[in-house]
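Here is the structure we will look at.
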Number of protein chains: 2
Amino acid sequence: MAQSRRPTLADVASRVGVSAKTVSRVLNEDGPVSDATRAKVLAAVDELGFRPNLMARNMRVGARDSTVALVVPEMGNPFFGTVAGGVEDVVRDRGLTLLMGSSAEDEQSELSLITAFLARRISGLLVVPATGAHHRYLRRERDGGLPVVFLDRPAAGLAADAVVSENEEGARAGVAHLIAHGHRRVAFVGDRPATLYTRKMRQRGYRAALSAAGIPYDPTLVASAHDPYTAGVAVRRLLDSPSPPTAVFCGNNFASLGVVPALAEAGRRDVALVCFDDLPLAAVLEPGLTVVAQDPAAIGRAAAERVLARLGGDRSAARTVMVPVRVIERGSGELAPPD
Amino acid sequence: MAQSRRPTLADVASRVGVSAKTVSRVLNEDGPVSDATRAKVLAAVDELGFRPNLMARNMRVGARDSTVALVVPEMGNPFFGTVAGGVEDVVRDRGLTLLMGSSAEDEQSELSLITAFLARRISGLLVVPATGAHHRYLRRERDGGLPVVFLDRPAAGLAADAVVSENEEGARAGVAHLIAHGHRRVAFVGDRPATLYTRKMRQRGYRAALSAAGIPYDPTLVASAHDPYTAGVAVRRLLDSPSPPTAVFCGNNFASLGVVPALAEAGRRDVALVCFDDLPLAAVLEPGLTVVAQDPAAIGRAAAERVLARLGGDRSAARTVMVPVRVIERGSGELAPPD
DNA sequence: TTGACTTATGTCAACGTTGACATCGACAGG
DNA sequence: CCTGTCGATGTCAACGTTGACATAAGTCAA
């Protein structure tokens, strides 16, 4: 119960009867140490339960901490969990540890989280920007050689590396897929707020597909939602309108979780549906859910590789990496409109 | 490009023409500082882009880092992501930052990850143990006052706080639910390896439900899988056996993702099904998926609260907190067996 | 046998910060 | 006018570790 101070190198040293430096040498496999001394030191380390203090070490050697920090807007969202998994796979191989924190989509928490990470002298920073946040204040860190990479959404106010999905092209392909199956009235249920980067890009793809097919853009066919409930309400209203859509393109996974049940409950399995982002069980629905699948693990890996490249001395201009998406046909997107 | 050394307190101080200590006072709102000095210091801090070095600070004040570490077996699994979200909600309110890392279900990576965290003098440690890992080596840290809490699965070889779901009771209730609807041949598709804590507890609940109903335990009705594919294969084999089950109890979410499609593809919607763990879209299936839902966010919150209590000086004996689960009826678990 | 080299160890300062204590002027009360 | 108090600041050492350098004993070729 004595809540005793943690043992230090000096404690180990005095127990063995050598200097702290010798213990340091043993633990870092630095300079020469006799086998006898080594054995005694290791025994003492074990007995005392000594753990090196990385903070002290990093300070002395003037190194950054061997950690890479990842800031995401929500921990619970499996998309970001999978992104994090991709990051970890890559950084672990380089002996780096991943630190992760959530900004809760709040600009202020994002700032304080990033500040906390910088205060720990991390080696790299990965950020999925919270809505409305800007990152001008990271300019000095970036210029000072800290790799800063943005994921899923680009940075505002800072020229920095970014890794994003092919949002526009994916949405265009998904909507074109519906049009190719005969639809002319295709609704778009996008994320909220409408200023969100992914929302904007996907809506742009939606409009591109329409105009490529010579279909005029009709704003009454566009709705916004960030949670399933709102999305459900929105899609019901669209279907009840005077000239309802025959197909729906759903712009993010939370919206999908509302749109799919809403269509099912309304008994409207005839409405064609393509969703951005894959979902578990999507293949088991009746009909199966056609999606534009992102590859979140690939996003994480690509971002981590950017960090490693910068750490390795790459001083080239900031670049944006586009990660491909792909359309997975499962039935719901291949339904023809009623004649 | 100069990759210049980061500015220190002393740099700020010499620029303003005061001592480092005065700058420290300004930044920590410690002792008295004149308004004029304060203003000049803050300006210099801004110009130089000074960031306090938390490692140096922590070392000087002899404090642990204001960080709580969470070790999970897989980042991509949304269950753990939601757990992490629960932890974060609680620790953030106390000004603590969450560090997260994945052990990839590997005993060795778990050990090195935990070692890395301990070397950073974290304030608390939360661990979802990897399969087969033991934690005797954490005894000294726990005794030294470091809060150590295990989640989802208890520790092996260490008396420590733990927060787990009511696995046994939940499985018992789920299986009893099937029995109440007339089933006598209920299969169990459990996690793998069979020594996994959650697997064992849930299987125990399965057996308890059977024996409460006077149904003999039939090992040929039990299968194991940790991934969807294997689970699908297993359930098909069960259905093709000479005396097949009329109902299936599925012991974890990855297995569910295999069992549900397998039943659908085999055209066996008549087979009753209850799954441990809720899934998105579970309500939209035909029939809706009856589940025993865990509350991962509550697990995370409870674990974080244990850490905070220990940090607050709670020296009571290690305890295990059970987080309730609940049966959500949606159709698949209420199907009657063929007569 | 000596100087050059190697092996095994020790000493000391420094990393960036802050607690403890010192200093110095201004100002109030007796 | 002296003393005590307070406000504003400075000095110094220490946190735990390791790089640079020093030392001491042993080895070996000339």
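Note on naming: letters A, B, ... go to the chains in the order of the sequence lines (proteins, then strands), and numbering restarts at 1 for each one. None of these values were measured; they are calculated from a predicted model.
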Between protein and nucleotides 12-19 of chain D, what N or O pairs are separated by less than 3.5 Å?
from	atom 1	to	atom 2	distance (Å)
D:dC15	O2	B:Arg60	N	3.1
D:dG16	N2	A:Ala56	O	3.4
D:dT17	OP1	A:Asn53	N	3.2
D:dT17	OP2	A:Leu9	N	2.5
D:dT18	OP1	A:Asn28	ND2	3.1
D:dT18	OP1	A:Arg57	NE	3.0
D:dT18	OP2	A:Ser24	OG	2.6
D:dT18	OP2	A:Asn28	ND2	3.4
D:dT18	O2	A:Arg60	NH1	2.3
D:dG19	O4'	A:Arg60	NH2	3.4
D:dG19	N7	A:Lys21	NZ	2.7

Checking all strands, does A:Ser19 fall into the base, sugar-phosphate, or nothing category for heavy-atom contacts under 4.0 angstrom? base
Carboxylate-amine/guanidinium proximity below 4.0 Å for B:Asp11 and B:Arg6: no
Please list, one pair per line, the donor and acceptor atoms closer than 3.5 Å that link side chains of residues 49-57 of chain A to other protein atoms, with sequence neighbours excluded.
from	atom 1	to	atom 2	distance (Å)
A:Arg51	NE	B:Glu141	OE2	2.8
A:Arg51	NH2	B:Glu141	OE2	3.0
A:Asn53	OD1	A:Met55	N	2.9
A:Asn53	OD1	A:Ala56	N	3.2

Using every non-hydrogen atom in the two residues, find where B:Arg142 and B:Leu158 come nearest and quote the distance to one decimal. NH1-CD1, 4.0 Å
Hey, are the side chains of B:His135 and B:Val148 touching, using non-hydrogen atoms and a 4.5 Å cut-off? no
4.5 Å side-chain heavy-atom contact, B:Thr131 and B:Arg153: yes
Pairwise side-chain contact, A:Arg310 with A:Ser316, heavy-atom cut-off 4.5 Å (strictly under): yes
Where is the tightest heavy-atom contact between A:Ser19 and A:Ala13, given as atom of each residue plus distance? C-CB, 3.5 Å
Do B:Leu308 and B:Arg94 touch side chain to side chain, with heavy atoms closer than 4.5 Å? yes
Tabulate protein N/O versus nucleotide N/O from nucleotides 4-8 of chain C, keeping only pairs under 3.5 Å, one per line.
none

